[in-house]
Engineer: 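Quick one: structure below, then a few questions.
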Amino acid sequence: MLAELRIADLGVIGEATIEPGPGFTAVTGETGAGKTMIVTGLALLAGAKADPKLVRNGASRALVEGRWLVGPETAAELAELGAETEDGEVLVSRQVGANRSRMTVGGAQVPLGTGSAVVGEWATIHGQSEQIRLGSAERQLEVLDRYAGPVLAAELAGYRLEYAARRAAAAELSELTTQSQARARELDLLRFGLEEIARADPQPAEDVTLATETVRLQAVDDLRLAAHGALTALAGDEDDYETPDALGLVGAARKALGPAVEKDPTLAPLAEQLEGAAAALADVASGVASYAAGLDADPLRLEWIAGRRAELGHLTRKYGDTVDEVLAWATEAVTRVMQLDAGDTRITDLRAQVAALDERLAATASRISALRAAAATQLAGLVAGELVALAMPRSRLIFELTPSELGPHGGDQVNLLFSANPGSTPGPLGKVASGGELSRVRLALEVVLATEAGGETFVFDEVDAGVGGAVALEIGRRLARLAERSQVIVVTHLAQVAVFADRHYVVSKADDGSVTTSGVRLVEAEERVEVLARMMGGLDSSDSALAHARDLLASVAG
């Protein structure tokens, strides 16, 4: 519920605050005073498009603030947006400047769409734009579904989930089908590459191993000379006994220290080290000898390696810089081939899935259509009863349902047909109804729809346009009935409507010769009587006018 509305520098209103009660609040004022700015301000809080021209002349920005009473569940939802509530209240504000508009909820700045979704759950604004919307098929379907209640809502929820699944499956099917040629080309390339690699059968790091072996085979003579020189230095040359060698020198050192150890035991560790050195040199010499013995020139092996490296090079030019990268490409290619091969299977599965979803959607849409048809008959009858009281006893309202292609809302197209007189053929509401008739149809619909609802804020702008007298009284009565369950704020120019209000605010303007400024004040007791008398076309100081206003108040109170 809206607890307080504050407006600053919006249109002709410089500064105004109203505190609508939980029931019926009326806002009145002379033409041009700016009372419609109250509705405009609420519409801005509900996410309406901001027009910089709304900013009052001489001001840099317009500000609208609404203080709303919310329950614990709503407060928890607002907390997820970063909004703060205090004692069950949240402040929503909208600033409109020359170049930008900003919205905050509970102190947290939010995108306009988010703010609109939040406040849109709390308030329904019925202004001139809503009259236009009521003439649209989308809005008429929304009204009918709202009346149909939770059973239809549950069917629609399930339908929309399956409709979304059907759209996703159909999109994937279309993509797979249109890309079938590209998939076939990719499959051929991948399989050709895998066959090439399989024929060559490369082994991990084989290119590195063969390169090393090639270098060794090409340098076999140099390696033999190196091994011979090392072996000679280690063990000597059997053809040259005079050249010293490492083993011989170490042996001489051991022989020299042997007798000395007996005389000085401290030389024992050194002798042991010499013994270990001799053993190590012997092992190295043996290894060099074995290496030299294994060095054989192998031209056939060298030729085979060259051919193998050329074969591997063909693979590395196409599938990777090294054999290991080629093998990695092959692993990925196998996975991709499996995915592409599954494409045909996936297409078959998707076609079956789409067909099954189409069947289920058609069945659900049929149930939805039946629920809508029943609701359409009931709603039209109830609205017709309301229109009788609103001086439209011979009007006809028909919710015409026609089959259409299945969409997100089912398989129905709704057209709200209307005729004001028995002799006229019902036509589209938005085309054949006048502004006053639209206002009364809208009010009748809202009264019927609000029978089971409660807690919402309804805002009506000029709902009594084009009517007066007894009809205006009936409009007031129905607004009062609506206010029994919901908060109702009405901008009106008729005393017969305003008299039903629990709270009555008057918008008045002042002109200093250069700038016109409007203000808003709450009128009560005798001042309200004077306002009602003036609204009925009399002089507020006239005894007869005042008596008439008192009689009107008394009749409503009675």
Side-chain angles (χ1 to χ4, degrees), residues 1-20 25-68 89-107 109-116 118-120 122-131 457-463 465 487-493 503-523:
M1 185 185 78
L2 180 66
E4 181 182 73
L5 175 69
R6 176 176 172 267
I7 296 174
D9 296 324
L10 183 69
V12 296
I13 295 181
E15 179 82 26
T17 300
I18 68 170
E19 296 180 358
T25 298
V27 179
T28 66
E30 61 183 290
T31 301
K35 56 183 180 294
T36 300
M37 286 297 105
I38 303 297
V39 178
T40 301
L42 284 167
L44 287 172
L45 290 182
K49 183 179 180 181
D51 185 350
K53 294 179 181 178
L54 291 172
V55 180
R56 182 168 171 264
N57 289 333
S60 61
R61 63 167 189 171
L63 174 65
V64 183
E65 293 180 335
R67 183 164 53 85
W68 298 84
E89 295 183 351
V90 62
L91 184 67
V92 180
S93 70
R94 182 84 181 272
Q95 292 185 22
V96 179
N99 299 315
R100 60 173 297 187
S101 170
R102 189 175 68 177
M103 188 170 189
T104 61
V105 177
Q109 186 168 338
V110 297
L112 186 58
T114 302
S116 174
V118 170
V119 182
W122 305 339
T124 299
I125 313 294
H126 288 292
Q128 296 302 314
S129 62
E130 177 61 20
Q131 290 189 12
T457 297
F458 293 96
V459 183
F460 293 90
D461 182 18
E462 303 290 355
V463 70
Q487 183 182 49
V488 175
I489 301 171
V490 179
V491 174
T492 180
H493 64 283
R503 289 195 176 194
H504 188 162
Y505 284 88
V506 174
V507 181
S508 56
K509 62 181 179 180
D511 190 344
D512 63 1
S514 58
V515 177
T516 299
T517 303
S518 292
V520 182
R521 72 182 191 281
L522 177 68
V523 292

Engineer: Quick check for you: to the nearest 0.5 Å, what is the distance between Trp68 atom CH2 and Gln487 atom CD?
Structural biologist: 7.0 Å

Engineer: Give a yes or no answer on whether the side chain of Thr40 reaches the backbone of Thr36 with a donor-acceptor pair at less than 3.5 Å.
Structural biologist: yes

Engineer: So, taking the atom named CD1 in Ile18 and the one named CD1 in Ile489, what distance separates them when rounded to the nearest 0.5 Å?
Structural biologist: 5.5 Å

Engineer: Going from CG on Leu2 to OG1 on Thr457, what distance comes out if it is rounded to the nearest 0.5 angstrom?
Structural biologist: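 Rounded to the nearest 0.5 Å, the CG-OG1 separation comes to 6.0 Å.
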
Engineer: For Leu44 and Leu10, what are the C-alpha separation, side-chain angles and deciding distance, and is it a side chain to side chain contact (heavy atoms under 4.5 Å, CB included)?
Structural biologist: CA-CA 11 Å; Leu44 287 172; Leu10 183 69; 4.0 Å; yes

Engineer: Mind listing the closest non-hydrogen atom pair of Gly47 and Leu112 along with its distance?
Structural biologist: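 Distance-wise, the nearest heavy atoms are CA-CD1, 4.0 Å.
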
Engineer: For Val27 versus Val507, what's the shortest heavy-atom pair and its separation?
Structural biologist: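 Here Val27 and Val507 meet closest at CG1-CG2, 3.7 Å.
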
Engineer: Write down the atom of Glu65, the atom of Leu45, and the distance for their closest heavy-atom approach.
Structural biologist: C-CD1, 4.1 Å

Engineer: For the pair Val92 and Met103, evaluate side chain to side chain contact (heavy atoms under 4.5 Å, CB included) and give the outcome as yes or no after the intermediate values.
Structural biologist: CA-CA 8 Å; Val92 180; Met103 188 170 189; 3.8 Å; yes

Engineer: Test Ser101 against every option in Gln95, Arg94, Arg61 by the side chain to side chain donor-acceptor pair (under 3.5 Å) rule and name the one that passes.
Structural biologist: Arg94

Engineer: Does Thr28 use its side chain to pair, donor to acceptor, with the backbone of His493 at less than 3.5 Å?
Structural biologist: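 A pair under 3.5 Å: no.
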
Engineer: Quick check for you: to the nearest 0.5 Å, what is the distance between Glu4 atom CD and Leu91 atom CG?
Structural biologist: 8.5 Å

Engineer: Return the CG to CG distance between Leu63 and Asp9, rounded to the nearest 0.5 Å.
Structural biologist: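 The CG atom of Asp9 is 8.5 Å from CG of Leu63, to the nearest 0.5 Å.
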
Engineer: Using only atom types and a distance under 3.5 Å, with no angle test, would you say the side chain of Arg67 pairs donor to acceptor with the backbone of Glu89?
Structural biologist: no

Engineer: Check Gly97 against Pro52 and note the closest heavy-atom contact, atom names and distance.
Structural biologist: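 It is O-CB, 3.8 Å.
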
Engineer: Locate the shortest heavy-atom distance separating Val64 from Gly41; write the atom from each residue and the value.
Structural biologist: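 Scanning both residues, the minimum pair turns out to be CG1-O, 3.5 Å.
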
Engineer: So, Tyr505 side chain and Thr17 main chain: donor-acceptor pair closer than 3.5 Å or not?
Structural biologist: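 The answer is no, because no donor-acceptor pair under 3.5 Å joins these two groups.
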
Engineer: Can you see which heavy atom on Val12 is nearest to which on Arg56, and at what distance?
Structural biologist: O-NE, 4.1 Å

Engineer: From Asp461 CG over to Ile38 CD1, what is the distance, rounded to the nearest 0.5 angstrom?
Structural biologist: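 Reported value, rounded in 0.5 Å steps: 10.5 Å.
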
